[in-house]
Participant: 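Take this structure, written in structure tokens, and hold onto it; I'll ask about it next.
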Amino acid sequence: MIKVAPSILSADYVNLQPDIEKVDKGGAEVLHIDIMDGNFVPALSYGPGWVKAIRPITKMVLDVHMMVQNPERYVDDFAKAGADIIGVHVEATPHIHRALQMIQNAGVTPEVVINPGTPVSAIEPVLDMVGQVLVMTVNPGFGGQKFLHSTVEKIAQLDAIKKAKGYDFDIEVDGGVNDKTVVDCANAGATVAVAGSYVFNADDPVERINALKAATK
């Protein structure tokens, strides 16, 4: 069964605490927090202050996904704010090894992220350093996009490497996830599913969390 990570990008910012508490009590294991700088991606969202404010209201794992150019600048700030996982894009820094090492040294689980157009080979040299790999199943920066089925092959490639090398990282998917697309992801080896609009735009977010879990039993 896949772990579900609702993305607050699709939550109600004015009623963020009730939305978070609802999915927490509804069985979500992870809370996905998208950090966007208006540079690496066009949109802007959140900062360390948001993570610091969220930390006391939930025991869910806080998965901070930095869609930020040169993410090394902010690793310590997000670690101190209470992040459990910090994800950095291989496309966003020429020093991916150093960025992941900084996250590790801050006592936080390092995550490497790849865009739909980036091959798995680009991150293979650092897979031994990470606790999670995030495969973007849409182009990053905006919610509500259609799932790109071509990315499922990347999940399968990562799962094969994981088994061959004896690694234990989670494989997370983000973008266009629903109770249909999540099945192919889970079958290919995904262990965590980010779901934004599918969960928070529903009349019953908890029912959607249960649907994702039921689809991947």
Participant: Can a donor-acceptor pair be found, under 3.5 Å and without considering hydrogens, that links the side chain of Lys154 to the backbone of Asn115?
Facilitator: yes
Participant: Under a 3.5 Å distance rule, please check whether Asp34 uses its side chain to pair with a backbone N or O of Leu9 as donor and acceptor.
Facilitator: no
Participant: Between Asp179 and Arg208, is there a side-chain N and carboxylate O pair less than 4.0 Å apart?
Facilitator: no
Participant: If the threshold is 4.0 Å, N to carboxylate O, is there a salt bridge linking Lys59 and Glu29?
Facilitator: no
Participant: If we ignore angles and hydrogens, is there a donor and acceptor under 3.5 Å between the side chains of Asn178 and Thr181?
Facilitator: yes
Participant: Tell me whether Asp204 contacts the main-chain N or O of Val206 through its side chain, where contact means a donor paired with an acceptor under 3.5 Å.
Facilitator: yes
Participant: Judged by modelled atom types alone, do Glu21 and Thr58 share a side-chain donor-acceptor pair under 3.5 Å?
Facilitator: no
Participant: Quick one: does Gln145's side chain have a donor or acceptor within less than 3.5 Å of a partner on Asn139's backbone?
Facilitator: yes
Participant: Going by heavy atoms in the side chains, are Tyr74 and Pro48 under 4.5 Å from each other?
Facilitator: no
Participant: Report yes or no: does Thr191 contribute a side-chain atom to a donor-acceptor pair with the main-chain N or O of Ile171 at less than 3.5 Å?
Facilitator: yes
Participant: Honestly curious: do Val30 and Val112 fall in one hydrophobic cluster under the side-chain, below-4.5 Å linking rule?
Facilitator: no
Participant: Apply side-chain contact (heavy atoms from CB on, under 4.5 Å) to the pair Val68 and Arg73, showing each step before the final yes or no.
Facilitator: CA-CA 9 Å; Val68 172; Arg73 296 173 294 163; 4.0 Å; yes
Participant: Are side-chain heavy atoms of Trp50 and Leu16 found at a separation under 4.5 Å?
Facilitator: yes
Participant: Run Lys162 and Asp168 through salt bridge (Lys or Arg N to Asp or Glu O under 4.0 Å) and show every step you take.
Facilitator: CA-CA 7 Å; Lys162 179 179 169 179; Asp168 62 355; over 6 Å; no
Participant: Could you go through the side-chain contact (heavy atoms from CB on, under 4.5 Å) check for Met136 and Thr151 one step at a time?
Facilitator: CA-CA 8 Å; Met136 292 302 300; Thr151 58; over 6 Å; no
Participant: Between Thr118 and Glu91, is there a side-chain heavy-atom distance shorter than 4.5 Å?
Facilitator: yes
Participant: Counting the benzene-type ring for Trp, do Phe78 and Tyr46 have ring centres under 6.0 Å apart?
Facilitator: no
Participant: For residues Ile85 and Met60: do they belong to one hydrophobic cluster (side chain heavy atoms under 4.5 Å, members Ile, Leu, Val, Met, Phe, Trp, Tyr)?
Facilitator: no
Participant: Tell me yes or no: between the side chains of Asp174 and Ser7, is some donor less than 3.5 Å from an acceptor?
Facilitator: no
Participant: Do Lys213 and Lys3 come close enough that some side-chain heavy atom pair is under 4.5 Å?
Facilitator: no
Participant: Taking atom types as modelled, is there a side-chain donor on His65 or Asp63 under 3.5 Å from an acceptor on the other?
Facilitator: no
Participant: With distance as the sole test, does Thr216 use its side chain to make a donor-acceptor pair with the main-chain N or O of Val183 at under 3.5 Å?
Facilitator: no
Participant: Determine whether the side chains of Glu72 and Thr93 contain a donor N or O and an acceptor N or O closer than 3.5 Å.
Facilitator: yes
Participant: What do the steps show when you test Val173 against Val177 for side-chain contact (heavy atoms from CB on, under 4.5 Å), and what is the final call?
Facilitator: CA-CA 8 Å; Val173 292; Val177 172; 4.1 Å; yes
Participant: Who clusters with Met1? Use side-chain heavy atoms, under 4.5 angstrom, across I, L, V, M, F, W and Y, and order the result by chain and number.
Facilitator: none
Participant: Are Lys163 and Asp159 within salt-bridge range, i.e. N to O under 4.0 Å?
Facilitator: yes
Participant: Is a side-chain N or O of Ser197 found less than 3.5 angstrom from the main chain of Ser10, in a donor-acceptor match?
Facilitator: no
Participant: Between CG of Asp77 and CD1 of Ile86, what distance do you get to the nearest 0.5 Å?
Facilitator: 9.5 Å
Participant: Does the side chain of Ile54 come within less than 4.5 Å of Ile33's, by heavy atoms?
Facilitator: yes
Participant: Are Val120 and Ile114 close enough, and set up right, to give a side-chain contact (heavy atoms from CB on, under 4.5 Å), and what steps lead you there?
Facilitator: CA-CA 8 Å; Val120 169; Ile114 54 172; 4.3 Å; yes
Participant: Taking the side chain as C-beta and beyond, is there a heavy-atom pair between Arg55 and Leu62 under 4.5 Å?
Facilitator: yes
